[in-house]
Number of protein chains: 2
Amino acid sequence: MEFKKNMFYITADAVVFTILSKELKILLIKRSHEPFKSKFALPGGMVNIDEDLEEAAKRELEEETGVKNIFLKKLHAFGEVNRDPRGRMVTIPFYALVDGEKINLNSTSGAEFAQWFSVYELPELAFDHKKIVDDALKHLRYEVKNTNIAVQLMPEDFTLSELQNAYEIIFNEKQDKRNFRKKIKELGILKAIPGTKMDGAHRPAKLYSFKEKGYKML
Amino acid sequence: MEFKKNMFYITADAVVFTILSKELKILLIKRSHEPFKSKFALPGGMVNIDEDLEEAAKRELEEETGVKNIFLKKLHAFGEVNRDPRGRMVTIPFYALVDGEKINLNSTSGAEFAQWFSVYELPELAFDHKKIVDDALKHLRYEVKNTNIAVQLMPEDFTLSELQNAYEIIFNEKQDKRNFRKKIKELGILKAIPGTKMDGAHRPAKLYSFKEKGYKML
DNA sequence: CCAAAAGTGTTAGTGATACACCCATGT
DNA sequence: ACATGGGTGTATCACTAACACTTTTGG
């Protein structure tokens with residue numbers, strides 16, 4: 001692709017969060033071209049002229065991860081003059097939350113390859129993508145506290161310990177078991193599900209599910 | 001200006017808040033051209049190709065209001081395909097807070113004229129500017145609660161009642177005088193200033209000032 | 001019977017809310 | 001002296017944080 005010097009280009013990048021192996025991870029792609037060749041960067045790409053911003057982010061993500069119906073939230077635009085040496089790029093980043101078990105990275109199209117990284121052990125990132133990740137993490141934490149987006153990170157049924165684990169990983173701090181359960185029950189966003197889950201030699205845990213799957217302020 | 005169909009255009013619009021005559025107001029401009037001719041819209045305009053987004057917003061605002069050094073915060077981009085009939089416009093809105101007394105609207109350049117409107121009695125707005133205003137108001141309230149941006153709305157010295165007034169206007173609800181003063185004092189962001197302010201036949205009020213003028217989380 | 005995670009209540013502390021009277025001034 | 005907004009403290013309530021033992025299972 002060739003870039004003109006007197007034109008704006010709009011890209012939509014995505015910070016895709018998931019929880020895998022008890023860590024909060026984001027999806028990164030190793031760049032196969034200059035600039036920042038062989039550095040890691042956020043998945044994303046050019047917005048087409050006849051495409052909404054969110055549509056573009058969804059399309060790019062689907063191409064990268066093979067996952068449809070991804071939940072996306074807009075972040076602040078980044079548009080410094082020299083953030084990309086090729087031309088005047090303004091990026092509208094989004095952040096997404098997915099259940100890592102459902103993603104199949106092998107379906108990646110093109111020569112680049114995608115990989116999960118712990119948010120606490122990121123490689124050096126291309127462009128100003130580090131700033132975007134920081135912004136996304138801030139927003140993620142805010143929304144996990146104040147909305148029911150955790151829905152997006154959890155499987156259909158889960159135990160209270162699994163949910164607590166997810167919170168601890170996102171906020172990077174231990175929570176008190178009794179207080180956590182009390183708070184969650186008061187919120188009234190979960191419903192008990194008939195079965196139980198066994199996971200080793202100990203008492204089986206009751207299963208729960210979110211009452212509502214739609215985005216909702218608490 | 002002529003718009004090409006296969007190009008993105010970036011605009012920076014500003015939602016400028018102030019408090020005037022005991023009301024929370026924003027600055028709007030009556031459009032003198034199509035589309036939306038003679039409707040009101042947010043001040044703003046095209047970002048130049050060699051200009052940062054915030055720089056552009058500052059420049060536009062200075063042209064419209066004659067005020068420099070305006071405090072700006074970025075909002076979410078709006079970029080729906082058909083939000084502007086002339087072409088593919090993506091706007092990066094900002095919101096700004098100013099002390100209304102310092103602004104001189106007569107310095108408006110060009111044929112359009114600027115005017116303050118109460119946020120609770122807005123005229124019909126051009127484009128999707130109503131959505132932008134709503135987003136800005138939400139962010140304003142969040143930040144007034146959690147940061148010291150109120151600095152931007154107040155004159156150098158002020159009385160506690162004046163500050164309380166500003167809060168009541170922004171949140172559109174009465175506050176308890178004693179609780180308000182207690183909370184503010186506990187935050188420790190104000191310092192007492194020697195003089196007093198008289199304003200009618202009653203006890204004069206002590207003057208206060210913000211200790212720090214920079215943006216700060218509380 | 002031992003190990004390991006599930007499950008369950010109470011107490012203390014902290015911050016938010018509600019509320020009423022005296023003070024200093026100009027007229 | 002009176003009208004007007006300035007200034008002050010206390011008691012209650014709601015929410016948050018700290019904390020330990022019993023239960024159920026597999027091995």
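These numbers come from a predicted model, not from an experiment. By convention in this document, chain letters (A, B, ...) are assigned in the order of the sequence lines, proteins followed by strands, and residues within each chain are numbered from 1.
Computed from coordinates, the B:Met198 CE to D:dG6 P distance equals 10 Å when rounded to whole Å. Protein atom NZ of B:Lys145 is 15 Å distant from nucleotide atom C1' of C:dG15, rounded to whole Å. C:dA5 atom C1' lies 11 Å from atom NZ of A:Lys22, rounded to whole Å. The separation between B:Lys174 atom NZ and C:dC19 atom C1' is 16 Å, rounded to whole Å. Distance B:Lys206 NZ to D:dG5 C1': 15 Å, rounded to the nearest Å. The distance between atom CZ of A:Phe180 and atom P of C:dA5, rounded to the nearest whole Å, is 18 Å.
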Sugar-phosphate or base contact per nucleotide [nucleotides 12-22 of chain D; S, B, -; heavy atom under 4.0 Å]: -----BBBB--
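At a threshold of 4.5 Å between non-hydrogen side-chain atoms, the residues A:Trp116 and A:Val16 count as touching. The shortest side-chain heavy-atom distance between A:Val98 and A:Leu27 does not fall under the 4.5 Å cut-off. No side-chain heavy atom of A:Leu97 sits under 4.5 Å from any side-chain heavy atom of A:Val151. When side chains are defined from C-beta on, A:Asp134 counts as touching A:Lys130, because their heavy atoms get closer than 4.5 Å. Side-chain contact between B:Leu187 and B:Leu218: present, with at least one pair of heavy atoms (C-beta onward) separated by less than 4.5 Å.
Candidate nucleotides D:dT25, C:dA6, D:dT8 were compared by shortest atom distance to the side chain of A:Arg181, and C:dA6 ranks first. The side chain of A:Lys185 lies closest to C:dT8 when the candidates are C:dT8, D:dT25, D:dG7.
By the 30° and 60° cut-offs, the orientation of the rings of B:His76 relative to A:His139 is tilted.
A:Gln164 places a side-chain N or O within donor-acceptor distance of the main-chain N or O of A:Gln175, the cut-off being under 3.5 Å.
For the pair B:Lys74 and A:Phe78, the distance from NZ or CZ to the six-membered ring centre is under 6.0 Å and the angle to the ring normal is within 45 degrees.
Taking the six-membered ring for Trp and the full ring otherwise, the centers of B:Phe71 and B:Phe17 sit at least 6.0 Å from each other.
Applying a 4.0 Å cut-off to non-hydrogen atoms, the residues of residues 154-170 of chain B that approach DNA chain D are B:Ser161, listed by residue number.
The 5' end of DNA chain D is approached more closely, in terms of each residue's nearest nucleotide, by B:Asp199 than by the other of A:Gly200 and B:Asp199.
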